[in-house]
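The shown structure was predicted, so the numbers you read here are calculated from the model rather than taken from an experiment. Chain naming here is simple, since letters A, B, ... match the order of the sequence lines and numbering starts at 1 in each.
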Number of protein chains: 2
Amino acid sequence: MADRGAPPTLGTVMKSIRSRNGWTLKEMSAKSGIPVSTLSKVEHDRLTLSYDKLQQLSQRLNIRMSDLFAEDDEDTAPRVTGRRSIGTIDQAVRVTTDNYDYHYLCTDLRQKRMIPIITRIRAHSAREFGDLVRHQGEEFIFVLEGEVEIHTEFYDPVALKTGQGIYLDSSMGHAYVVAEGYEEALVLGVCSSADDGLMDSLMSLHG
Amino acid sequence: MADRGAPPTLGTVMKSIRSRNGWTLKEMSAKSGIPVSTLSKVEHDRLTLSYDKLQQLSQRLNIRMSDLFAEDDEDTAPRVTGRRSIGTIDQAVRVTTDNYDYHYLCTDLRQKRMIPIITRIRAHSAREFGDLVRHQGEEFIFVLEGEVEIHTEFYDPVALKTGQGIYLDSSMGHAYVVAEGYEEALVLGVCSSADDGLMDSLMSLHG
DNA sequence: TTGACAATTTTCCAATCAGGATCATTATGT
DNA sequence: ACATAATGATCCTGATTGGAAAATTGTCAA
């Protein structure tokens, strides 16, 4: 049944969690370590919880954060099948760092499983690049122009010509630099997981 | 990045989100609607946020709750820990269908989250192509050579030139055909792997 | 049905903290 | 020196926690 207008508050969610498990406020209080009075107030929307309490709740009650915040429940949210986004480099969201020049594609599409990024590489040596980069997830890099040298934590450096690609575990330290004899190189990268890029350490380390 | 003992506070998380996107506090403030002073305090762990602010943040910044709370998400954990695979078109696993000529890259790497495929397109019209294709997951297609016409279930056809890409929900019917005036087209596709059943459905539909 | 009586829930209150505005200070880069 | 970014220091209103006291609800025997 359609998710009728009722905007699910934290109180609603908490109450449903509690009754679903047949707990009294006292029991829930014991399990969560949050006083009965507070729980009561939350359930009546006279109060919400702050970060620490939410975390405490999620941990002690063994529930996921996404359960506390009303996110699409496959029961209530009619899965909109059919989204798409066209990505061109000049419509891309551009982010510049010392080593890279990122062009995030299709940023209008949220919550995607993969992040496509066109990247211009500037560094010409591992030394110039600096520390290897690590982040969550996996990535696939495909060379569009020039030639790229892939440095990783556990392998010897390897060169990729235009038209070649590499797939790697992003949590393994890695760095892409322009190969000998080239000024620049352009690659298409696709990163798995968490929306909106995972290039955190890139930016913080080399921004 | 190894999940070293560092206790992931809200401040830590927020800071990494911010630097990952290359935002200043001011920019992040504008995007999120939360004052700079508050953001600064949060990042320095002199403050946390309460339910409504967290929700506001997650909505305005288009990030998921699970990103705000650093919970190891199996969604983001690499399945190919510390591994890599180089993919060239001539080492690819080739699969031929009526409409496409697939070159599966990096097939030596199992259990990956994404499947990179170089595809040569032969069909020149939706009619010639036949029924639209549907399968689980999402895909990003990038045009390497020629020009491609993207037909989908819910959108008008659109043409992609070399260097352009499209990201779409694969469960929406789709078909790629060569655009007018071109003999063939070559695209790089990356499919989110829901895992490996993909190859089967592709092959059964067009084999 | 009524009157204990206990369990559960809600209200009340005090201490603390979140949230925001403003000004001062310290880099950093132009 | 100048603009921008980041941080710190106040100050203030309103929200949050949590303990304890009231109110509600449920149970059961007479």
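With sequence neighbours excluded, no residue satisfies salt bridge (charged side-chain N to carboxylate O under 4.0 Å, His left out) with Glu27(A). Remark: Glu184(B) pairs with Arg120(B) by the side chain to side chain donor-acceptor pair (under 3.5 Å) rule, at least two apart or across chains. Every residue was checked against the salt bridge (charged side-chain N to carboxylate O under 4.0 Å, His left out) condition with Asp52(A), not counting sequence neighbours, and none meets it. Contacts of Ala175(B) classified as side chain to side chain contact (heavy atoms under 4.5 Å, CB included), with partners at least two apart in sequence or in another chain: Phe129(B), Leu132(B), His151(B). Here Thr38(A) pairs with Ile34(A), Pro35(A), Val42(A), Leu47(A), Leu49(A) under the side chain to side chain contact (heavy atoms under 4.5 Å, CB included) rule; sequence neighbours left out. For the side chain to side chain donor-acceptor pair (under 3.5 Å) test, no residue two or more places apart in sequence or in another chain qualifies with Ser37(B). Considering only residues two or more places apart in sequence or on other chains, Glu145(B) meets the salt bridge (charged side-chain N to carboxylate O under 4.0 Å, His left out) condition with none of them. Residues passing the salt bridge (charged side-chain N to carboxylate O under 4.0 Å, His left out) test with Lys26(A), sequence neighbours excluded: none.
An end-to-end axis angle of 30° holds for the helix from dT1(C)-dA30(D) to dT30(C)-dA1(D), taken from five base pairs per end and rounded to 10°.
Residue contacts for Ser50(A): at a heavy-atom cut-off of 4.0 Å it reaches the sugar-phosphate backbone alone, with no base atom in range.
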Query raised in the report: Taking it one step at a time, do Arg122(A) and Asp98(A) satisfy salt bridge (charged side-chain N to carboxylate O under 4.0 Å, His left out)?
Result: CA-CA 8 Å; Arg122(A) 276 195 299 273; Asp98(A) 286 347; over 6 Å; no
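In this structure, CG of Leu49(A) is placed 13 Å from P of dA18(C), rounded to the nearest angstrom. Rounded to an integer number of Å, the gap from Leu57(B) CG to dG19(C) C1' is 14 Å. In this structure, CG of Asp52(B) is placed 7 Å from P of dG19(C), rounded to the nearest angstrom. The OH-C1' distance, from Tyr51(B) to dG19(C), rounds to 19 Å in whole Å. Here the P atom of nucleotide dA18(C) and the CG atom of Leu10(B) are 11 Å apart, to the nearest Å. Atoms CD (Gln56(B)) and C1' (dA18(C)) sit 13 Å apart, rounded to a whole Å.
For the salt bridge (charged side-chain N to carboxylate O under 4.0 Å, His left out) condition, the pairs that include at least one residue of residues 146-159 of chain A, sequence neighbours left out, are Arg134(A)-Glu153(A), Glu147(A)-Lys161(A).
A nucleotide of DNA chain D counts as in contact with chain B when one of its atoms lies under 4.0 Å from a heavy atom; the first and last such, 5' to 3', are dA5(D) to dA9(D).
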Identify the pairs formed between an N or O of the protein and an N or O of nucleotides 6-10 of chain C at a distance under 3.5 Å, and give each distance.
{"unit_1": "dT9(C)", "atom_1": "OP1", "unit_2": "Arg18(A)", "atom_2": "NH1", "d": "3.2"}
{"unit_1": "dT9(C)", "atom_1": "OP2", "unit_2": "Leu25(A)", "atom_2": "N", "d": "2.7"}
{"unit_1": "dT10(C)", "atom_1": "OP1", "unit_2": "His44(A)", "atom_2": "NE2", "d": "2.5"}
{"unit_1": "dT10(C)", "atom_1": "OP2", "unit_2": "Ser40(A)", "atom_2": "OG", "d": "3.1"}
{"unit_1": "dT10(C)", "atom_1": "OP2", "unit_2": "His44(A)", "atom_2": "NE2", "d": "3.3"}

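In this structure, Tyr167(A) and Arg113(B) have side chains that are in contact, with non-hydrogen atoms separated by less than 4.5 Å.
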